[in-house]
Structures are given as structure tokens and as C-alpha cells.
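Below is one structure, written out as C-alpha cells; comments come after it.
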2 protein chains.
Amino acid sequence: MKERVSGALESYLEQIADLQQEHGAVRTSDLAERMGCKRSSVTNALQRLSEKGLINYQSYRPVTLTPDGEKTIAALSRYHRILADFLATILAFPEEFAQQEACRLEHRVSQCTIERMQVYLDFVGSGAKNTASEVNFSQFKKFLKSSTDKPA
Amino acid sequence: MKERVSGALESYLEQIADLQQEHGAVRTSDLAERMGCKRSSVTNALQRLSEKGLINYQSYRPVTLTPDGEKTIAALSRYHRILADFLATILAFPEEFAQQEACRLEHRVSQCTIERMQVYLDFVGSGAKNTASEVNFSQFKKFLKSSTDKPA
DNA sequence: TAATAATGTTAGATGAAACTAATTTTCCAA
DNA sequence: TTGGAAAATTAGTTTCATCTAACATTATTA
């Protein structure tokens, strides 16, 4: 197993992957904006990511992911997907909130729990046999509306 | 609202509350053992908690919670309870794992999400009307067994 | 009750992650 | 083509949370 990288660095890595898709090249300023921090903090993070072999980094040059970086991202974004899906599909949060919350949780929730959420999702989505679960979802939304909980 | 204290300090505070219940007095070594860190780190944490007005601390004396500390603990342990309950009751994890995971998550999961988990629990537990949900739980456990997921 | 073991604290170092201010590099437009 | 603006980096500081090693205090027990 690869030695898990810190939550902060993981976030940088994700934004790098995102920006790469959107703009091809990844610029320090854009990263800073996304991360809500100063450019100098980004440089520092890039250097640490580079030391860990997750990105290719040289001063003043555009950043790219290494194969290891790609792998890390793949796992992470799967985690993110499952979490967001769970929050939206089971707990009935709006997509946007589910995304945000997934961002904050994906670095902390254990793999085990995430896999279990996926199983729960599979279970609920296991259609035909189990229409009760679909019924439950809409029932839950009604129940939610009638509860004192303010919608997110 | 009170200024949220860091996750690490929150953990110390919880263990302090725990130990207080168990042994009356709270000793540095016990805390260190619980937290899996050195005694000196505990001292450091105690000093910071004290500065924030959450505990009464003087060198070489037993530690007690301030009223503010008590309040913080109350909120935290409610979060913990809901999380652990959700993990055990909805995701069908063994109690012990649910407890551990709750410890790690309670400092990160947003209040909003935790409240929603409580609503979901209420919904599922809303007995009579909704026996479908109880059925679902045992169905889920079967489903789980048949999936490739290793039990925690 | 004095010596020793156990417990607790201080001081100083480290690493992560942020910041500001100063400097360097790159790039574009006159 | 060069000179200034934008972008990026460096240097140095801060805070948090940990560590080790050394020192201080309390407790035990011979």
C-alpha cells in the first residue's frame, strides 16, 4: 500500500487533476484561487507533492501528474463519488452540498466505511426485488420535510 | 457561537470527560495512554485547553472541566452518539468499529450532516407505520453478507 | 523519613500548513 | 526589444501538534 498523503495535499492533488482537465496546464494562481490560499502556499505544496513523487514539478513550469499521482487521484475521486452519492441519495441533500461535504470527508472517512456506503447504495438501488427501498426514499423526504431540520 | 476548537484538542477534552467519569481524577499518564501520545504532549494540550477556558489546570494538580468545557463536551458527545448510532444501525457495523470511526469523524462531519443522520435514524426507527424500514435492515444485512465486502 | 520510582513539566526541535514581504522569472505590449 | 505587470518563488514567521531529553515534583516503600 502507498503511504497515505495528508488531507491538505490530497486536496491540492485533486484540484490539480481538475484544472488539468479544464485548462490543460496547471497554474499556481489558479490553484491558489481554488484552494483559497496564497500563491506561496501553493508553491510549498507543489514542492511537497513533488517530493512524494505525485507530480512533476520544476520552478516556473507547468505541473503534471506522475503515474503515481494519477493512481492516487483515481482512488480519491472514487471515494468522493461514493460519499457524494450517499449524501445525496440516502440523506437527501442537494447535490451541491453533497459535493462540498464529500470534499471535506473524503480524507477522513475510512476506506471500510466508504465501501460499506457503496454497498448500501447498491442495496437501495437494487431495484425490482426491493421496491420498498425506493418507497422509503420518498417517504424519507416527506419525513424530513415534516421534521424541524432546516434543509441544507 | 463559540469558536470551534481544533479536532486534536476536542479529542483530549473527550478523553478527559471520560476519565473523569471513570476515575474521578484525570491524570496525565492516563490521558497519554488513551491518546496514544507522550506525556509531554498531554501537558501541552492541557495548557492550550486551559487558555481556551475549557479546563481548570494547574501544574501537578488534577484537571477538571470548566462549565464551558462541559458544554463543549455535551455537544460533542451528542455528535459522537449520532454518528456511532448511524454507523451501527444503518450501515450495520459492529459497535466497536462504529465507536472508533465516530471518534475520527465527529470533528469533521458538518453539524448539518449529523442532524440529518439523526433524522434518518428517527425515520428508520419510526416503528409501526414504517415496518418496511426494519425489514430493510435485515435485508441489508443479508445483502451485505452476499457482497464481496469484508466485514469490519 | 529519606531514597527511589513514578509521574508531570519544561525546553528545544521537528514537520505540516499557512501567512507576509521581498525577490525572481516570464510574458506581453508599446 | 525592452520595461513593466503578472505570475511564481524564496525567505522568514506563525501556529499546531507532536517528539526527545532533561528536570521537577509527588508518591511509595524500605
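Keep in mind that the numbers below use all heavy atoms, side chains included, and drop hydrogens, waters and symmetry copies. Every chain is numbered from 1, with letters handed out A, B, ... down the list of sequences.
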Look at A:Ser41 and C:dA18 and indicate whether a side-chain polar atom (N or O) is within less than 4.0 Å of OP1 or OP2.
no

Taking atom C1' of D:dC16 as reference, at what distance in whole Å does atom CD of B:Gln47 sit?
14 Å

What I want to check is whether an N or O donor and acceptor connect the side chain of B:Ser40 with the base of D:dT20 at under 3.5 Å.
yes

What's A:Thr43 touching, base or sugar-phosphate or nothing? Going by heavy atoms closer than 4.0 Å.
base

To the nearest Å, give me how far apart CZ (B:Arg39) and P (D:dA24) are.
16 Å

Rounded to the nearest 0.5 Å, how far does CD1 of B:Ile16 lie from CD1 of B:Ile73?
7.5 Å

Straight-line distance of B:Arg108 CZ to B:Leu105 CG, nearest 0.5 Å:
10.0 Å

Does the side chain of A:Glu95 come under 3.5 Å of the side chain of A:Gln99 through a donor N or O and an acceptor N or O?
yes

Measure the shortest side-chain to side-chain distance between B:Phe93 and B:Glu101 over non-hydrogen atoms and say whether it is less than 4.5 angstrom.
no

Whole-Å distance separating the CE atom of A:Met35 from the P atom of C:dA16:
16 Å

With respect to the phosphate group of D:dT9, does any side-chain polar atom (N or O) of A:Thr28 fall under 4.0 Å of OP1 or OP2?
yes

Could you tell me how far apart A:Lys38 (NZ) and C:dA21 (P) are, to the nearest whole angstrom?
10 Å

Atom CZ of B:Arg61 to atom P of C:dT9: distance rounded to whole Å?
11 Å

I need the CD-P distance between B:Glu10 and D:dC16, as an integer number of Å.
14 Å

Result for 5'-nearest mapping on DNA chain D, choosing between B:Lys52 and B:Gly36, is B:Lys52

N or O in side chain of B:Tyr60 less than 4.0 angstrom from C:dT10 OP1/OP2:
no

From the options A:His80, A:Arg81, A:Arg78, select the one residue that forms a side chain to side chain donor-acceptor pair (under 3.5 Å) with A:Glu106.
A:His80

Atom pair distance, as rounded to whole Å: CZ in B:Arg27 and P in D:dT25
19 Å

Mind calculating the distance between CG (B:Leu9) and P (D:dT15) to the nearest angstrom?
15 Å

For a quick test of reading the model: is some side-chain N or O of A:Tyr57 closer than 4.0 Å to OP1 or OP2 of D:dT9?
yes

